[in-house]
Amino acid sequence: MTPMDKPNRLLLLSELRVRDTAYNVSLSRSLLTWKRRASSPVYHPFRPSVCHRVPVSEIISVREEQSGSRQTDESSWKKIKEGSGQDCRQAFTVSYVERCQQHRWRCAAVTFTCPDGGLCQSWVGAIAEQLAAITSRPRRLLIYINPYGGKRQGGRVYEQKVAPLFAQAAISTHVIVTEHANHARDHLRTDAELKKYDGVVCVGGDGMFSEIVHGLIWRTQMDSSLDPNSPDETLTSCSLRIGIIPAGSTDCICFATVGTNDPVTSALHIIVGDSQPMDVCSIHHNNTFLRYSVSLLGYGFYGDVLTDSERKRWMGPVRYDFSGLKMFLTHHYYEGTVSYLPARGVVGTPRDAARCRSGCVVCQHNGPKPSERAEKYETDDCGNDGDWRTIRGKFLAINAASMSCACPRSPKGLSPAAHLADGTTDLILVRKCSRFDFLRHLLRHTNKEDQFDLNFVEVHRVVRFRFMPRHCQSDSDLELDLLENGKRQIFGQICRDHPACGCAPAYSSWNCDGEILTHTAIDVRVHCRLIKLFARGIEEPQVFEDLTNPCAI
């Protein structure tokens with residue numbers, strides 16, 4: 001790097017005014033700084049901070065203020081301008097990201113007044129030039145709005161909170177309001193001219209995000225001549241980043257990648273061009289592709305809750321609480337076989353105290369090498385002793401968490417130490433236990449205790465796993481093994497329809513990111529960093545002042 005390319009080299013340094021107060025303002029390739037000029041040599045320990053620093057990467061826009069806007073009467077302004085001569089001042093406004101509590105961002109602004117128009121134009125041109133040089137920022141976005149998701153506020157949220165920010169950042173948009181389920185997915189698969197855009201944004205909940213993921217991944221594999229129906233195929237990563245403007249009933253992805261479900265915060269992450277890679281799990285049944293999963297894949301308790309709640313959509317979001325209580329009291333367990341490939345040569349375990357945060361060292365260490373592990377495992381077969389491990393038993397829940405799955409009701413999530421981009425998923429097995437013990441496990445999702453420190457719970461960090469329910473070789477017709485018990489042979493159908501008789505059903509359903517899978521026997525494989533989001537991971541709050549900052553002195 002030459003001295004001219006150093007990010008801290010000053011490009012401009014001037015004395016400007018902010019609200020009639022003099023500031024020393026400087027611009028480098030990485031920072032915009034304004035520091036109030038000392039009016040007195042006396043130290044004031046309780047005086048508010050007089051120095052501000054904004055990374056250039058987090059400046060949203062710069063604009064020159066129109067002098068004529070200061071007076072409503074143009075002739076009066078002309079007389080003032082002519083009379084003042086060289087004392088006429090010009091101003092420009094810089095909009096930038098400001099951090100608030102609970103990981104929220106907002107758009108703040110500061111207006112600088114210059115002694116003359118030439119200096120003002122120099123500052124506006126210099127800042128605009130630095131912003132134009134940031135290649136990671138999107139210039140044109142394809143946006144899908146779900147008008148029906150959540151509280152049906154998607155259109156209003158976009159028009160009132162997001163569209164003005166995109167316009168301010170000079171981002172051009174093509175907006176499509178979806179008209180039916182899978183509209184966005186199907187459009188991305190076939191009709192969208194993806195080369196025209198720098199990213200795809202969805203306005204809605206996790207279901208809308210899932211549509212975008214499925215459409216974009218499928219389109220990428222088709223363009224690469226790959227077969228998504230092959231579980232052993234190494235998929236091609238998507239080049240376009242995905243943005244999420246939360247407007248749904250659940251916003252699990254936003255909480256895991258940004259830390260909040262605030263639409264303005266998500267819009268600002270898109271504007272500054274953040275990029276967060278994410279793992280995606282592909283799910284197959286008998287060499288047939290079923291779905292992709294980015295957060296939770298759950299069988300047993302969470303599958304039953306989703307299945308029951310789908311019958312009660314008229315209840316709104318409260319249906320999840322009702323169905324959760326009902327399934328807890330019903331207390332069904334399911335028999336089956338789980339086979340998995342443990343993650344090898346990776347840093348971190350599911351019981352680490354450290355969490356996946358912005359700049360995660362675990363993801364950076366484990367991420368670049370997943371393809372080597374996948375190629376090694378592809379040659380293995382489930383029947384071989386090799387690296388595959390098998391567990392048979394009765395389970396209340398089988399969960400695979402590709403992220404923490406944290407949300408307001410479960411601040412830690414189902415797997416607090418799960419990582420977004422390390423090429424693994426955390427396989428959580430909850431064996432048959434009493435209702436009281438299962439309640440202990442569920443309650444630990446809401447407190448600081450180790451939810452895996454129970455003798456009926458085990459967790460494994462895996463790169464691939466398979467599940468086969470006990471009562472079938474092929475689960476397409478969901479048959480019971482009627483030969484074991486004559487009573488169940490006679491009353492089998494009745495028991496399936498009315499489990500209150502005391503006979504547990506043989507099958508649950510898989511909850512795949514809020515959608516029900518059509519099969520129970522599945523093969524799941526993790527694809528490392530298959531997609532990228534307009535996000536940077538959850539930022540850790542700065543507890544101590546950076547003493548190396550000259551502004552803090």
Could you give all pairs that pass the ring pair (Phe, Tyr, Trp, His ring centres under 6.0 Å) test and reach residues 152-183, with sequence neighbours left out?
->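 Output for this query lists His180-His183.
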Can any side-chain N or O of [X] pair as donor or acceptor with the backbone N or O of [Y] at less than 3.5 Å?
X	Y	result
Arg241	Cys238	no
Ser210	Asp206	no
Arg219	Leu188	yes
Asp279	Gly423	yes
Ser508	Gly300	yes
Asn366	Val347	yes
Ser402	Ser293	no
Asn229	Phe289	yes
Gln221	Ile217	yes
Ser404	Ser415	no

Would Thr265 and His103 count as a side-chain hydrogen bond (donor to acceptor under 3.5 Å, both in side chains) if you check the C-alpha gap in whole Å, the side-chain angles of each, and the deciding distance to 0.1 Å?
-> CA-CA 8 Å; Thr265 302; His103 306 288; over 6 Å; no
Which heavy atom in [X] sits nearest to a heavy atom in [Y], and how many Å separate them?
X	Y	value
Phe534	Gly243	CD1-N, 3.6 Å
Cys405	Ala401	SG-CB, 4.3 Å
Ser309	Tyr320	OG-CE2, 3.8 Å
Ile171	Pro138	CG1-O, 3.5 Å
Pro416	Arg355	O-CD, 3.0 Å
Tyr144	Ala192	OH-CB, 4.1 Å

State the [atom1]-[atom2] distance between [X] and [Y], to the nearest 0.5 angstrom.
X	Y	atom1	atom2	answer
Ile212	Ile244	CD1	CD1	10.0 Å
Leu27	Trp34	CG	CH2	11.5 Å
Arg461	His419	CZ	NE2	5.0 Å
Cys512	Ile283	SG	CD1	3.5 Å
Asp274	Lys532	CG	NZ	13.0 Å
Phe209	Asn146	CZ	CG	14.5 Å

Carefully, step by step, assess Leu517 and Leu297 under the rule side chain to side chain contact (heavy atoms under 4.5 Å, CB included).
-> CA-CA 10 Å; Leu517 294 184; Leu297 191 59; 4.2 Å; yes
Going by atom types only, do [X] and [Y] share a side-chain donor-acceptor pair under 3.5 Å?
X	Y	result
Thr424	Asp422	yes
Ser95	Gln168	yes
Asp304	Thr307	no

Any chance you could lay out the side chain to side chain contact (heavy atoms under 4.5 Å, CB included) test for Arg529 and Cys363, step after step, and finish with the verdict?
-> CA-CA 10 Å; Arg529 304 190 176 194; Cys363 292; 4.2 Å; yes
Please say which of Arg525, Arg464, Arg466 ends up in a side chain to side chain contact (heavy atoms under 4.5 Å, CB included) with Pro231.
->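 With Pro231 as partner, Arg525, Arg464, Arg466 yield a single side chain to side chain contact (heavy atoms under 4.5 Å, CB included), made by Arg464.
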Between Asp262, Val272, Val258, which is the residue that forms a side chain to side chain contact (heavy atoms under 4.5 Å, CB included) with Trp105?
->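 So, applying the side chain to side chain contact (heavy atoms under 4.5 Å, CB included) to Trp105 and each of Asp262, Val272, Val258, only Val272 qualifies.
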I want to check something: taking the side chain as every heavy atom from C-beta on, are [X] and [Y] in contact at a cut-off of under 4.5 Å?
X	Y	result
Thr260	Gln102	no
Arg63	Val124	no
Leu240	Ile531	no
Thr349	Val459	no
Met222	Arg189	no
Glu58	Tyr96	no
Ile271	Leu268	yes
Gln276	Ile538	no

What's the verdict on side chain to side chain contact (heavy atoms under 4.5 Å, CB included) for Asn511 and Asn399, showing C-alpha distance, side-chain angles and the deciding distance?
-> CA-CA 9 Å; Asn511 177 344; Asn399 301 321; over 6 Å; no
Given side chain to side chain contact (heavy atoms under 4.5 Å, CB included), test Met278 with Val294 step by step and report yes or no.
-> CA-CA 8 Å; Met278 282 185 61; Val294 295; 4.1 Å; yes
Applying side-chain hydrogen bond (donor to acceptor under 3.5 Å, both in side chains), name anything that partners Asp186, two or more places apart in sequence or on another chain.
->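 Residues passing side-chain hydrogen bond (donor to acceptor under 3.5 Å, both in side chains) with Asp186: none at all.
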Taking the six-membered ring for Trp, are Phe467 and Trp510 parallel (under 30°), tilted (30 to 60°) or perpendicular (over 60°)?
->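 Taking Trp510 first and then Phe467, their aromatic rings stand perpendicular (interplane angle over 60°).
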Apply the salt bridge (Lys or Arg N to Asp or Glu O under 4.0 Å) test between Glu98 and each candidate in Arg106, Arg104, Arg53; give the one that qualifies.
->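 Looking at Arg106, Arg104, Arg53, the match for Glu98 under the salt bridge (Lys or Arg N to Asp or Glu O under 4.0 Å) is Arg106.
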Strictly under 6.0 Å, is that where the ring centroids of Trp123 and Phe112 end up?
->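 No - the distance between ring centres of Trp123 and Phe112 does not fall below the 6.0 Å cut-off.
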Tell me whether the centres of the aromatic rings in His214 and Tyr292 are closer together than 6.0 Å.
->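 Close enough - the centres of the two rings lie under 6.0 Å apart.
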Which residues share a ring-ring contact (aromatic ring centres under 6.0 Å, His included) with Tyr340, sequence neighbours left out =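 Testing Tyr340 for ring-ring contact (aromatic ring centres under 6.0 Å, His included), a comparison that skips the adjacent residues, returns His460.
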